[in-house]
Every structure is written in C-alpha cells, then in structure tokens.
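The chains referred to below are lettered A, B, ... by the order of the sequence lines, with proteins before strands, and numbering in each begins at 1. Predicted, not measured: the structure shown is a model, and the values here were computed from it. What's counted below: heavy atoms across the whole structure, side chains too, no hydrogens, waters or symmetry copies.
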There are 2 protein chains.
Amino acid sequence: MTNDRALADALRLAVDPPGGVNVDALRELTRADSEEDWDISAAAEHLGVSPHTLRYYERADLVVIPRDQAGHRRFDAPTVRRLVFLTRMRASGMPIADLRRYVDLVDAGADTIPDRLDLLLEHRDTLRSQIAQLQLALAATEYKLATYQEGPQP
Amino acid sequence: MTNDRALADALRLAVDPPGGVNVDALRELTRADSEEDWDISAAAEHLGVSPHTLRYYERADLVVIPRDQAGHRRFDAPTVRRLVFLTRMRASGMPIADLRRYVDLVDAGADTIPDRLDLLLEHRDTLRSQIAQLQLALAATEYKLATYQEGPQP
DNA sequence: GCTTGTCTTCGAGCGTGCTCGAACCCCTAG
DNA sequence: CTAGGGGTTCGAGCACGCTCGAAGACAAGC
C-alpha cells in the first residue's frame, strides 16, 4: 500500500536527533495488528520528552489522548504519530501556538488544506533561514577556533 | 597586516541574517582613523537588537561599555566587535551564561585559551547537531508538503 | 530660560515552555 | 487487607531573555 510506504518514510525522518524517537518501537506500534498501546511513561521515553510535557501538550489542545477505563492515557498509533509530528516541529522551533493552529486545521477537515500548506511553507522558509544562520555561526565559530589553534596569540 | 584580514573576514561572517549587522558601517567604525563612535541607538540599529538589549548585556557583565563625560555609552570599535560576537553567538542559541563564562575567560588573559577552546568546540558541536536536526525537520516538512501537493488526499 | 529629545538607572513585568508538588485514584502483589 | 507504584488533576512556580516604565540628567535649539 503506497500509504504505508509514505508512513514508513515519514517515520524514518523522525529518527536520529539526541533523545529522538525509537523508530523500531514506533514501527512496532504502527503495525495494524499491534495491540500494545503505550502508557505515558513508555510514550515519553520513546518520544524523548517527559510525561509532564505530554500532559502539557494535551492540556494545550495539541492532541486528544484516548483513555482506558481507569482514566489512564493510552498512546495508540495515531496519537503517537501526531506526537511525533509535534515533537519534531517543536524541536525545530515551531511555537506551540502555530502547532495548535495547524492541528486545528487538520481536525477541521480536508478543505483547510490550503491553509495548512501556507503554514508549512512558512515554516519551511523559517527552517531554511535558521539553517543558513546556524551555518554562518558555525563558520564564525570554526574561524575563531582556527585563529586560536594556528597562531598562539590571535 | 594579517590581523586586519582576519578581522575583515570575521566581520564578513557577520553579514546577512535578517536584522544582521551592517558590515559597511562596521568596517567604517573599525578603521583606525575613525573618530565616530556610535551612541546606543546607532549601535542597536547596526547590531540589529534593541537599546534595551544592549543595556541588558552590559548589566549581565557580557561587555564593558565606555562612557562619555555625560555618562552616555560610547560604542567604540572593540566594544562593537565584542557585541558582534555576542549577538552572533546569541543568534545561534548560546545561552547568556555560557557567553559570560567565555568573556570572563577572555578578560582573564591568555592562559585561559585552552578553556575558551573547550567552550568553542562544545558550541561547534552544538551547532552541528542543531543544523542536522533542522535539516531533518526541513526534510520532514518538505515531505509533508509533497504529500499535500501531489495526492489531493494523503 | 525653557522645551525637546535622547540618554541614564532601577526595578518590575512578561511571554514561552515547561516543571513540579500535592492530593487523590486505581491496580496488583504479597 | 494492605502496601507500593504507577497513574490522574490542578494550580503554581521557574528559567530564560528580554521588555518596559518611571523618574531624572544633560545638551541643543528657540
């Protein structure tokens, strides 16, 4: 199914950064036959955030988290997918408020797609200029390192 | 003089980002024969920060700013060079506290160079992983854009 | 001399994004 | 039946980096 490939790719993009998502565990969770939802501590660990943060995201209306009959949060595959998206966007500096706008649009249905596109395009531009800026800072830092390391007294 | 080239290069690295430094003005200021120090509003404008922020940096002991006989801050070339460094490092996410550690080392003399190197190396690594992380986020964003744009209903 | 403008200090306030503590609930093991 | 170790809510607190406002000094121009 091409949608499954897409999901797998998207999840692969969520690998790597320090404290990042455990992709194998995610893949396990997203298998249709998996009955093993996560509790909050498992979800927090896999997503690389604290349980407090997950509750905070729920309180901030970024995500609706299903509960079991004891009232405990059950992190199923769709919930985790949204949280992967949220944590990735947060890690790249998108403010909570923008994220809420976005998920509101998602929840509002398919005819908000143009607005979502706008948001994403804007975020893409933000990311690009952030990257450019950091690369400048990196160059400046490496330059300074070089002056320290070659001439003893720069 | 190779040091002049080095300074010019360093200043060139300070160009570009939104709200960044005006390099021509900086070059003007750093010319040895220039008598034209900046006042706080000129400095703020050239550095792309607010006067409030400059006073805050001084209060935070990141920089000592000379005064004229009226008690007004005079931003001369060395001061501006330090502020260029500070604003660049801030823009790349180095916390104020780290910056203070660094400038304390600088002010403490040449035998703190190993410590400064450590700080810079650490910051370089931070920058590299930040860049890697942002590039992942960019890829994820572009992937999402692609799914929105090709298939109407992803 | 007076107004206007820009500077000064100082302390307080604010926005963001968590982070925590207290009090309570529920399930399971012993 | 009881103890322990999760979970829950709620509101409050915190760290960071500004950001601002009030009250006053000084210089230049009318």
Is the shortest side-chain N/O distance from [X] to OP1 or OP2 of [N] below 4.0 Å?
| X | N | result |
| --- | --- | --- |
| S41(B) | dC7(C) | yes |
| Y57(B) | dG17(D) | no |
| T53(A) | dG17(C) | no |
| R67(A) | dT9(D) | yes |
| R74(B) | dC7(C) | no |

Practice task
Between M94(B) and H72(B), name the one whose nearest nucleotide on DNA chain D is closer to the 5' end.
Solution key: M94(B)
Practice task
By nearest nucleotide on DNA chain D, pick out whichever of S50(B) and R59(A) is the more 5' one.
Solution key: R59(A)
Handout entry: Path from V64(A) to F75(A) over hydrophobic side-chain contacts below 4.5 Å
Key = no
Practice task
Can you establish whether the number of heavy atoms outside R100(B) located under 6.0 Å from its atom CZ is more than 12?
Solution key: yes
Counting the atoms with a prime plus P, OP1 and OP2 as sugar-phosphate, which does [X] contact under 4.0 Å by heavy atoms, base, sugar-phosphate, or nothing?
| X | answer |
| --- | --- |
| R90(B) | sugar-phosphate |
| P51(A) | nothing |
| R73(B) | sugar-phosphate |

Practice task
Please state how far atom CG in D39(A) lies from atom C1' in dC26(C), giving the value in whole angstrom units.
Solution key: 14 Å
Problem - For atom NE2 of H52(A) and atom P of dT8(D), their distance in whole Å - result: 11 Å
Fill in the blank from the handout: Contacts of Q69(A) and P95(A) projected onto DNA chain C by closest heavy atom; the upstream (5') one is P95(A)
Completion exercise
Against the side chain of Y56(A), the closest entry in dG17(D), dC18(C), dA12(D) is dC18(C)
